[in-house]
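Here's the structure, in structure tokens; my notes come after.
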2 protein chains.
Amino acid sequence: MNNKDIQENRVRSFFIESTKSTIKGEGIKAVSARNIAKDAGYSYATIYNYFTDLKELFTFCIADFIVECRDFVNNAKHPDKASKESFISKSKALCNYFIQYPGIFELIFTEQMVEVRYNEKISADIDLLYNSIFGDEYKRLSKKRDVDISIISELHRSVITGLLSKYLLRRTPSDYREFMLILEQCIKYI
Amino acid sequence: MNNKDIQENRVRSFFIESTKSTIKGEGIKAVSARNIAKDAGYSYATIYNYFTDLKELFTFCIADFIVECRDFVNNAKHPDKASKESFISKSKALCNYFIQYPGIFELIFTEQMVEVRYNEKISADIDLLYNSIFGDEYKRLSKKRDVDISIISELHRSVITGLLSKYLLRRTPSDYREFMLILEQCIKYI
DNA sequence: AAATATAATTAACACTGTTAATATATGCAA
DNA sequence: TTGCATATATTAACAGTGTTAATTATATTT
């Protein structure tokens with residue numbers, strides 16, 4: 001990578017970091033080309049010298065957040081062996097990440113802030129996220145219940161997304177403890 | 001209800017119908033105050049004589065769509081007795097409604113087009129929707145698996161929302177038949 | 001130092017939701 | 001029917017959005 005590319009990537013990362021911190025701090029509604037650029041110390045039009053549009057910029061943020069989420073979950077303490085308890089513990093940690101930063105959940109799972117052409121890559125990244133966190137748990141359940149592992153993972157992933165969507169967007173249930181209780185019972189049921 | 005109220009409700013419904021048909025036809029991105037008003041045969045500012053803002057208008061649309069969805073599912077043929085088959089059949093019908101009109105799914109489940117103060121009412125409406133369609137199936141499963149009925153319904157509802165969100169927003173799986181297969185196996189597993 | 005290439009900026013366009021001021025239509029009393 | 005008051009609808013305007021083109025500033029090379 002030559003100097004020009006290094007500098008280009010650096011400026012690009014200024015915009016990405018600015019966007020990420022705005023999403024984490026003030027939420028997705030506070031994100032705009034003007035805001036991002038001001039935070040990054042550039043003019044708003046400069047963004048378009050480094051990204052084709054905001055959607056491409058958001059796509060980079062999503063990739064970063066997915067990595068961050070994986071680290072967040074893996075750095076938390078969980079039962080060593082794959083078990084019902086580890087499944088619950090990791091699921092709770094995953095949810096806690098998005099509850100801490102609702103804007104990240106909106107960005108990845110609800111807002112249509114992403115170009116169709118990136119959908120496949122993002123989907124693959126999320127697949128990887130879930131498999132790297134819950135791979136052992138999926139295997140265990142797949143054997144135990146004699147069900148295809150892909151169904152277990154689809155089911156688990158859907159439940160998490162669905163519950164989070166209801167809790168973060170509709171604020172139902174209204175209470176954090178109650179949400180965690182429902183989550184726990186749903187995972188137990190699976 | 002006096003004449004004034006009748007007329008007011010009539011004009012209100014003009015805007016609601018215009019919004020609903022735009023969402024169904026061109027999708028949520030085509031919805032704007034100017035577009036809605038033009039379709040309804042009024043100026044854009046007239047909307048604000050009948051609704052406090054667009055979010056209130058959207059909330060009325062959501063209420064209508066939920067009723068429409070219930071009718072859509074109930075008018076389809078399903079096995080008479082509550083069974084695994086009826087559970088799958090109804091779940092598929094429900095998904096088909098939103099697959100037919102992706103804009104309606106976006107409106108209700110993903111876009112933040114609704115004021116916080118309406119969240120409780122909408123949540124309750126969706127609860128009612130699911131319970132009126134799947135009430136018998138929930139009861140049956142609750143007895144069979146000896147699990148609280150609220151967990152069954154939360155789980156089922158989350159799975160549907162999660163799968164639809166992935167399919168409609170991320171276009172994963174890319175194929176309709178495959179989506180229905182995954183849905184069926186998830187319901188079977190539950 | 002001058003010429004060229006690169007990067008960043010401002011101005012502008014076509015949108016958005018929303019509000020205030022203005023115009024139009026309606027109902028009613030004289 | 002006319003004049004007035006009220007209710008309703010419209011246009012103008014504001015502050016914001018994403019994005020592009022034209023312009024200015026900066027850096028590089030000759």
Side-chain angles (χ1 to χ4, degrees), chain A residues 1-19 22-23 26-62 103 106-107 110-118, chain B residues 1-19 22-23 26-62 103 106-107 110-118:
Chain A
M1 198 153 59
N2 58 33
N3 276 354
K4 195 191 153 194
D5 287 345
I6 291 174
Q7 287 169 25
E8 252 189 53
N9 278 337
R10 185 159 35 225
V11 178
R12 226 190 296 274
S13 82
F14 289 157
F15 287 116
I16 294 171
E17 290 306 318
S18 157
T19 309
T22 305
I23 290 174
E26 295 106 87
I28 210 119
K29 283 177 294 298
V31 173
S32 76
R34 266 97 174 164
N35 270 353
I36 293 167
K38 189 192 273 181
D39 271 30
Y42 286 95
S43 167
Y44 48 87
T46 309
I47 294 172
Y48 296 90
N49 293 332
Y50 295 88
F51 304 92
T52 64
D53 53 23
L54 288 188
K55 295 180 179 209
E56 196 192 30
L57 171 53
F58 293 148
T59 305
F60 281 98
C61 294
I62 289 178
E106 287 180 52
L107 174 72
T110 75
E111 288 273 351
Q112 215 128 19
M113 291 185 137
V114 160
E115 203 59 58
V116 185
R117 68 177 177 281
Y118 301 121
Chain B
M1 197 155 60
N2 58 31
N3 276 354
K4 195 190 155 193
D5 288 344
I6 291 173
Q7 287 168 26
E8 251 190 53
N9 278 338
R10 186 159 32 224
V11 177
R12 225 189 298 272
S13 81
F14 289 157
F15 286 115
I16 295 171
E17 291 304 319
S18 158
T19 309
T22 304
I23 291 174
E26 294 106 85
I28 211 121
K29 284 175 295 297
V31 173
S32 77
R34 266 95 172 167
N35 272 352
I36 293 165
K38 190 193 272 183
D39 271 29
Y42 286 94
S43 167
Y44 49 85
T46 309
I47 294 172
Y48 297 89
N49 293 332
Y50 294 89
F51 304 92
T52 63
D53 53 24
L54 288 188
K55 293 179 180 212
E56 195 191 31
L57 171 54
F58 294 147
T59 306
F60 281 98
C61 293
I62 289 177
E106 287 180 51
L107 175 74
T110 77
E111 289 273 352
Q112 214 128 18
M113 292 184 135
V114 158
E115 203 60 59
V116 184
R117 68 176 177 281
Y118 301 122

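Just so we're on the same page: letters track the sequence lines, and every chain starts at 1.
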### Message
Regarding A/Thr46, tell me which of base, sugar-phosphate or nothing describes its non-hydrogen contacts under 4.0 Å with the strands shown.
### Response
base
### Task
Return each pair, listed once, that meets ring-ring contact (aromatic ring centres under 6.0 Å, His included) where at least one residue sits in residues 28-53 of chain B; pairs must be two or more places apart or across chains.
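Listed once each, the pairs are B/Phe15-B/Tyr42, B/Phe51-B/Phe60.
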### Task
Start with the C-alpha gap between B/Asn49 and B/Thr46, add the side-chain angles, then the distance that decides, and say whether side-chain contact (heavy atoms from CB on, under 4.5 Å) holds.
CA-CA 5 Å; B/Asn49 293 332; B/Thr46 309; 4.2 Å; yes
#### Entry: Nucleic acid contacts of residues 34-42 of chain A, taken as heavy-atom distances under 4.0 Å to DNA chain D
A/Arg34
### Task
Under 4.0 Å from any atom of DNA chain D, heavy atoms only: list the residues of residues 49-59 of chain A that qualify, in numerical order.
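Residues of residues 49-59 of chain A under 4.0 Å from DNA chain D: A/Asp53, A/Leu54.
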Could you check how far [atom1] of [X] sits from [atom2] of [N], rounded to whole Å?
X       : N      : atom1 : atom2 : value
A/Ile6  : C/dT6  : CD1   : P     : 18 Å
B/Tyr44 : C/dA20 : OH    : P     : 14 Å
A/Ile47 : C/dT9  : CD1   : C1'   : 13 Å

#### Entry: A/Glu56: side chain to side chain donor-acceptor pair (under 3.5 Å) partners, not counting sequence neighbours
none
### Message
B/Glu115: which residues meet the side chain to side chain donor-acceptor pair (under 3.5 Å) condition with it, sequence neighbours left out?
### Response
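Once residues adjacent in sequence are excluded, B/Glu115 has no partner under the side chain to side chain donor-acceptor pair (under 3.5 Å) criterion.
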### Message
Between B/Asn35 (side chain only) and B/Ala30 (backbone N and O only), is there a donor and an acceptor less than 3.5 Å apart?
### Response
yes
### Query
Are any non-hydrogen side-chain atoms of B/Met113 and B/Leu54 less than 4.5 angstrom apart?
no
### Query
Through what angle, rounded to 10 degrees, does the axis of the helix from C/dA1-D/dT30 to C/dA30-D/dT1 turn between its ends, using five pairs per end?
30°
### B/Ala45 vs B/Glu8, nearer the 5' end of DNA chain D by closest nucleotide
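Residue closer to the 5' terminus by nearest nucleotide: B/Glu8.
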Measuring from atom [atom1] of [X] to atom [atom2] of [Y], what distance do you get when rounded to the nearest 0.5 angstrom?
X        : Y       : atom1 : atom2 : result
A/Glu106 : A/Lys29 : CD    : NZ    : 5.0 Å
A/Arg34  : A/Ser43 : CZ    : OG    : 8.5 Å
A/Ile47  : A/Ser18 : CD1   : OG    : 7.5 Å
A/Ile36  : A/Lys38 : CD1   : NZ    : 12.5 Å

### Heavy-atom contact window of chain B on DNA chain D, given 5' to 3' at under 4.0 Å
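Under 4.0 Å from chain B, the extent on DNA chain D is D/dT8 to D/dA13.
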### Query
Considering residues at least two apart in sequence or located in another chain, which fulfil the side chain to side chain contact (heavy atoms under 4.5 Å, CB included) criterion with B/Thr59?
B/Val114, B/Tyr118, B/Ile122
### Query
Quick one: side chain to side chain contact (heavy atoms under 4.5 Å, CB included) partners of B/Ser13, sequence neighbours excluded?
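With neighbours one apart ignored, the set is empty.
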### Task
Could I get the full list of salt bridge (Lys or Arg N to Asp or Glu O under 4.0 Å) partners for B/Arg12, not counting sequence neighbours?
B/Glu8
